[in-house]
Participant: 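Quick one: the structure is below, and I'll ask about it shortly.
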Amino acid sequence: MNASVNLEKLLPAVDHRHLDHLEEEAIFILREVAAAFERPGLLFSSGKDSCVVLHLAEKAFKRKISAPGERPRFAGQLPFPLVHVDTGHNFPEVIQFRDERVAEMGERLVVGHLEDSMKRGTVRLAHPLESRNGHQTVTLLETIEEHRFDCLIGGARRDEEKARAKERIFSHRDAFGQWLPKEQRPELWNLFNTRIRPGEHFRAFPISNWTELDVWLYIARENIPLPSLYYAHQRQVIPRKGLLVPLTDVTPPEAGEAVETATVRFRTVGDMTCTCPVESTAANATDIVAETLTVTVSERGATRMDDRTSEASMERRKKEGYF
């Protein structure tokens, strides 16, 4: 029988050299973006990956002023604004965390509201409770055009989903905002071709080569703040098609469904209409590291209803301009 392992004692002794390498690569990419583009922006949804990218950006461009062991604090200003596409169906805890974090840092926040796209008539819902996740693409492209962004930095990782595994670190988008898999540019020896024509832009992904485990090891090591949804809490859920759908105003129970109270956490955070929690008692990043070591399903496969519509659903959305 294997003896139990105390991760609180084990993690400080873990060899973190691979995290140091990933951190150095990400900071190099962030500085390449700042050097190569005139109007970049950092996509900040308050999800764990965007929180990690924001922390890396602060390390790349600011001066750390917190003492070892304290919550990280930095002095200075980022060379680009933060950008968020708000569907109007975001979890309240996530929006509150976003606003508090931006106020704490004193950074500029650009918010594209899907409600504004609906008022303009560029987004039309089939019914009021339809998932707005796929419609974010329209609002994102409108935000890019309005603010003339030529590169947006995102927190996508290749281990999340098959379509994202195809994507380059510097992902070229044409004048229509489309991602064309067969026209991606080579990235040999970390040399990036960042030339664009008028109307085109790039998406840059500094943590492309990270895994979910790397992210949580880094969050635990760096003491990065996250929304409370990522840790175990009591929540009313609706068991549906092998998932636990959170009970909200926009995700009510269907006829014949029962509402249960469970101890859950979110592995990824997105639109309330398509993001589901998983049962968990993990109360901190160390506990989540232990859980992540045993999972066999990717975070999107285990929690995202919109990725279950077809095997190519993510790739189709990315070709249309999705994150």
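Predicted model, so just to flag it, every value in this text is computed and none were measured. In this chain, residues are counted from 1 in sequence order.
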Participant: Counting distance only, does the side-chain N/O of Glu25 pair as donor-acceptor with the main-chain N or O of Pro206 below 3.5 Å?
Facilitator: no
Participant: Flag the pair Glu23 and Arg17 as a salt bridge only when some basic side-chain nitrogen lies within less than 4.0 angstrom of an acidic carboxylate oxygen.
Facilitator: no
Participant: One thing to verify: whether Arg101 and Glu58 come together as a salt bridge, which I'm taking to mean a side-chain N less than 4.0 angstrom from a carboxylate O.
Facilitator: yes
Participant: Do Ser117 and Glu142 have side-chain N/O donor and acceptor atoms under 3.5 Å apart?
Facilitator: yes
Participant: Look at the rings of His55 and Phe74 and say which category their plane angle falls in: under 30° parallel, 30 to 60° tilted, over 60° perpendicular.
Facilitator: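 Judged by the thresholds at 30° and 60°, the geometry between His55 and Phe74 is perpendicular.
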Participant: Is there a side-chain contact between Arg203 and Arg173 (heavy atoms, below 4.5 Å)?
Facilitator: yes
Participant: For the pair Lys62 and Glu107, find out whether any cationic side-chain nitrogen is under 4.0 Å from an anionic carboxylate oxygen.
Facilitator: yes
Participant: Flag the pair Arg265 and Glu291 as a salt bridge only when some basic side-chain nitrogen lies within less than 4.0 angstrom of an acidic carboxylate oxygen.
Facilitator: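 Yes, Arg265 and Glu291 are salt-bridged.
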Participant: Decide, yes or no, whether a salt bridge links Glu115 with Arg132 under the criterion of side-chain N to carboxylate O below 4.0 Å.
Facilitator: yes
Participant: Ion pair present between Glu93 and Arg235, side-chain N to carboxylate O less than 4.0 angstrom?
Facilitator: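 Yes, this pair counts.
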Participant: With a 4.5 Å heavy-atom cut-off, do Tyr230 and Trp216 have their side chains touching?
Facilitator: yes
Participant: Is there a side-chain contact between Ser280 and Tyr231 in this structure, where contact means two heavy atoms from C-beta onward sitting under 4.5 Å apart?
Facilitator: no
Participant: Under 4.0 Å between a Lys/Arg side-chain N and an Asp/Glu carboxylate O for Arg148 and Glu145?
Facilitator: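 Judged by the 4.0 Å cut-off on N to carboxylate O distance, Arg148 and Glu145 do not form a salt bridge.
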